[in-house]
Each structure stands twice: as C-alpha cells, then as structure tokens.
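Notes for the one structure printed next.
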There are 2 protein chains.
Amino acid sequence: MTAVSDTLTRSVEDYLKAIYRLSSDIRPASTSEIAQHLALAPASVSGMIKRLSEQGLLEHERYRGVQLTPEGRRVALRMLRRHRLIESYLVAALGYSWDTVHDEAERLEHAVSDDLVERMADALGNPRVDPHGDPIPSPDGSVPETVEVALTDMEPGHSARIHRVRTREPEFLRHLADLGLIPGAHITLRDRRPFLGPITVETDQATHVVGHELAAALLCAEEES
Amino acid sequence: MTAVSDTLTRSVEDYLKAIYRLSSDIRPASTSEIAQHLALAPASVSGMIKRLSEQGLLEHERYRGVQLTPEGRRVALRMLRRHRLIESYLVAALGYSWDTVHDEAERLEHAVSDDLVERMADALGNPRVDPHGDPIPSPDGSVPETVEVALTDMEPGHSARIHRVRTREPEFLRHLADLGLIPGAHITLRDRRPFLGPITVETDQATHVVGHELAAALLCAEEES
DNA sequence: TTCTGAGTTTAGGCTCGCCTAACTTATGAC
DNA sequence: GTCATAAGTTAGGCGAGCCTAAACTCAGAA
Ligand SMILES: [Mn+2]
Ligand SMILES: [Mn+2]
Ligand SMILES: [Mn+2]
Ligand SMILES: [Mn+2]
C-alpha cells in the first residue's frame, strides 16, 4: 500500500495546490500562471509539469496548459483540508489572528500526519470553513458548494452576509478586520460607482467607502432585505 | 539579520541534534555513530561533516570525530526544545499517547516557527520536561541539570522516583506504561541479579521482575527511604 | 616494527528542484 | 497569409543530499 501521496515532496504538494486553484474544468492552468503563483521561473514549472504528468497527477497539453487528474485533485484537496484546518486550529486553539496563520500553515501542511489533522478537526468540532471563510474539504475530498457573489457584483440596496475573504496579505486582512468586514458580518451595499470606482458599504456598526479591489475580495451570500 | 538558523535544512537540523546526543565535552561523535543514528551511509555523513564544519557548526578532527561549536550547540538545543515541546503539546492538548508522539515531533520540529513553539509552551504553562521526562531546554539554550541514576546502578532496598525514560520505541514505551514505570512513579529496587540479570522493582501498585535492558532505560532520582 | 582490518574519507553517480539562456510554438495584428 | 511577439519548452548548470565502491588512516596484534 504505497499510495502516491506517501512519496510526494513539499514542492509537488504546493504545485498541485496551485494548479487546483488556477485551473477549472473548462480552463487549464498555464505554465506562466503557475510560475507566477509559486514565484518560480517558467522553465522550472515546465520541468515539474513533465514529471507530474508522467506520474499521472496531471494532464498536459503542450503549449496549452495543465489540468489535474482525479489523483492529482485528490492530493490537492487533501492539502487544502490540511491547510485550512491548521489555520482554523491555530486561530481557535493557540490565539493566532487571521492575518498570521497562512505562512505557518503553508509549512505545517507538509509536516502533519493525517492523524494529527483529524485530531485538530475533532478538537474544533469539525469546522466547515476556515478563518477566511474558505470551505474545508472533507476527508473524502468533497467540497461544499456555496453560492457566492463578489461585493462588486451586487446591486445597490441589497443586503448580504460576508462568506469569504479572497486574500492572504496580512495588511489587507488586518484592514478588513478593522472595518468589520469579516466572514459572518452582515452588510448592505449602498453605492457603487462605475469604472471600478469606490463602493459604499454599510455594516451593522458603520458605513465605509472602500476601493473596488477591496470589495472584489469580499465574497458574499445575498439575503432578503 | 540572517541568522545561521534561518538557512538550515531539515537534514542539517537532524545532524546537529544527533551530534549533540552522541558527543560530549570529553568525547567526540564518530562518523559511523552518526551514520548509524541517522540510518545513513558513513560516506554521506563524511560529506555533511565537511559542509557543516566549513559553516562553523562543528569542529572536525579527521579520523577522530566531531564536536559541536557553540553555534552548532545553539541550533541543536533549539531543535531539542522544539521537539520536546511539540511532544508535550501533542500529549497534553491533542490526546496523543507518549509512544506515538516521537515521529510526529521529528517532522514538525522542522516546520514550526519560534512563535508557534512559544505559544504551545505558554498553553502548557511552560513545562520543564517532556512526556518521557526529558528536560526541555529554555529558549536561551540552557538545560536544567539533574542528578539521575539508572535503575541498574541503584542499590537493592533503595527507593527512587522515575525521572526519565531512555527509549523512543513505541512498543517499549507501551510496555513501560503497562507496568506503571513512567516518569513520576515511585519505586523501590528489591533485587538485582549479577551478569546483567533480571531486576526486581516494586511500584506503588505491584512488583515486577524486569530485564536488565529495560531497567537501564529508567533514569531515576534516589529518595530517602 | 610491521601488518592488517575497522573506521573514515574520497570519487563518482544519482534524483530533486531550482536557475538562465536559447530555442520553438501559437497567436493575433496587419 | 505573413510575421512579430508572447508564451512555453529544452538545454545545460548548480547545490543539497543521498548512494556505492575504492582508497586511505591508524591503532592494535603479532
Ligand atoms: Mn505549502
Ligand atoms: Mn485560509
Ligand atoms: Mn527531525
Ligand atoms: Mn521525548
């Protein structure tokens, strides 16, 4: 029983996670995208792609990009579960703040055993989302689907609950927390200026005018007003 | 501020830990000892020794062995603190048993940040020994000295408290726990047969006749009877 | 005092994972 | 339809970290 996942290096695990994020059923991930995401030279990525497709972890169409095989996806989701549970555990059990957990999890995800991950999950009561609102894949690799809309795509006057925050930058995360724009917060879109202009959003505590980029990072579930 | 410890690989950290264990002020660690301890070929160890002595982490006298420099010792003690605190945390916070924590700690020690280690220490109230009774070096690298004697070196009739258990083998550890021979246990040596013969030891619960090897793994602090 | 064998080192080879430089392919502007 | 250019691939190199095989060192036995 030498499962593929027993022999994977840290690099390989991070490649597969990156490709999972960057590709979809309809769109492969390009070499340069992957290189950018992992801060590597495109040539290095080409080399790794060759190895991983020979190992059956991804499908490569030359000059077109890559997609994960079912096996590759399995590994990616396993890493994602680890990463997000570790983040959750650090926040809930060790007093970390949501802007500092990512780097720690990025390393620990490769070092923990399945046993440890499940113990952390149990200790937390098997949470379904991590501190940033990202869904935690189940051990069998299923990811709960949710209907989410970016704050930039909502209509003025509509209300919603913030589900998820799409950034890992500590400064950005601290700023969002300062504004009360965190997962679970109830908000109403008050105004939206055209041409990527500022957005006025009301929380239960205050009203903020924020930039388009910030608003685009907030994924929300719309609610009846 | 590029401290040496920022650029060390997992391998290097494990080498330094091994050399810390195998050498003393009066006795260097030999190539073959290190190779044995890390399950590597002696030739591989020779190569690494060359690199590490060039980096100033150890002193090498050709054909004689190695000793840590102060810098090398600093790194080794930092790893030992990590290892033992991780073991302690896994047992105290996540329900691990003392026979299963070692392998997990052996990997995690290389992945955790100083911040995380100190958070775990705080969560546990800064313990001074790990689940096996091994002392946890302080952040500044000092190790509490204790007077310990192996059960095999005690005189019949004398009483003691078990301080420390010198093994990492899960089966051995489970057996010791079954017999109640764990750190903190109060014991009295009843009989000691010559020529590495069996040893009769009495705990507060029962009396056991154990082999010499087992008794040699129990480090005790003698008490007045 | 020589010799021999255990222990140590060197030499050479391998994979992984990265790099830069040079080349190849696909694409879309014309 | 050509062709410039962006994107992708190949070629070659390097360090880390391991290996085996061969050469060397040294201490103790003869
Ligand atoms: Mn990672
Ligand atoms: Mn997250
Ligand atoms: Mn280790
Ligand atoms: Mn221990």
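Throughout, protein chains are lettered first and strands after them, A, B, ... in sequence-line order, and every chain is numbered starting at 1. Below, each value reflects all heavy atoms present in this structure, side chains not excepted, and no hydrogens, waters or symmetry copies.
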*Have a look at I49(B) and say if it touches a base, only the backbone sugar-phosphate, or nothing, with a 4.0 Å heavy-atom cut-off.*
nothing
*Could you tell me whether R51(A) and E54(A) have a side-chain N and a carboxylate O separated by less than 4.0 Å?*
no
*With a 4.0 Å cut-off, would you call D103(A) and R107(A) a salt bridge?*
no
Find the distance [X]:[atom1] to [N]:[atom2] and express it as a whole number of Å.
X	N	atom1	atom2	result
H110(B)	dG17(D)	NE2	P	12 Å
L8(A)	dT15(C)	CG	C1'	15 Å
R10(A)	dG17(D)	CZ	P	15 Å
E61(B)	dT8(C)	CD	P	13 Å
K50(B)	dG12(C)	NZ	P	13 Å
H60(B)	dT8(C)	NE2	P	9 Å
L38(A)	dC19(C)	CG	C1'	15 Å
M48(A)	dT10(D)	CE	P	16 Å

Would you indicate which nucleotide in [options] comes nearest to any side-chain atom of [X]?
X	options	value
S44(B)	dC19(D), dC18(C), dT9(D)	dC19(D)
Y63(B)	dT20(D), dT25(D), dG17(D)	dT25(D)
S46(A)	dC19(D), dG8(D), dC19(C)	dG8(D)

Counting only side-chain N and O atoms of [X], is one of them less than 4.0 Å from OP1 or OP2 of [N]?
X	N	answer
Y15(A)	dC18(C)	yes
T31(B)	dT9(C)	yes
T9(B)	dG17(D)	yes
S11(A)	dC16(C)	no
S32(A)	dG8(D)	yes

_Of R64(A) and R51(A), the one whose closest DNA chain C nucleotide lies more 5'_ = R51(A)
*Could you check R62(A) against A43(A) and say which one's nearest nucleotide on DNA chain C is further toward the 5' end?*
A43(A)
Looking only at side-chain N and O atoms, does [Y] offer a donor or acceptor that is under 3.5 Å from a partner on [X]?
X	Y	value
E33(A)	H37(A)	no
Q67(B)	S23(B)	no
S113(B)	D115(B)	no

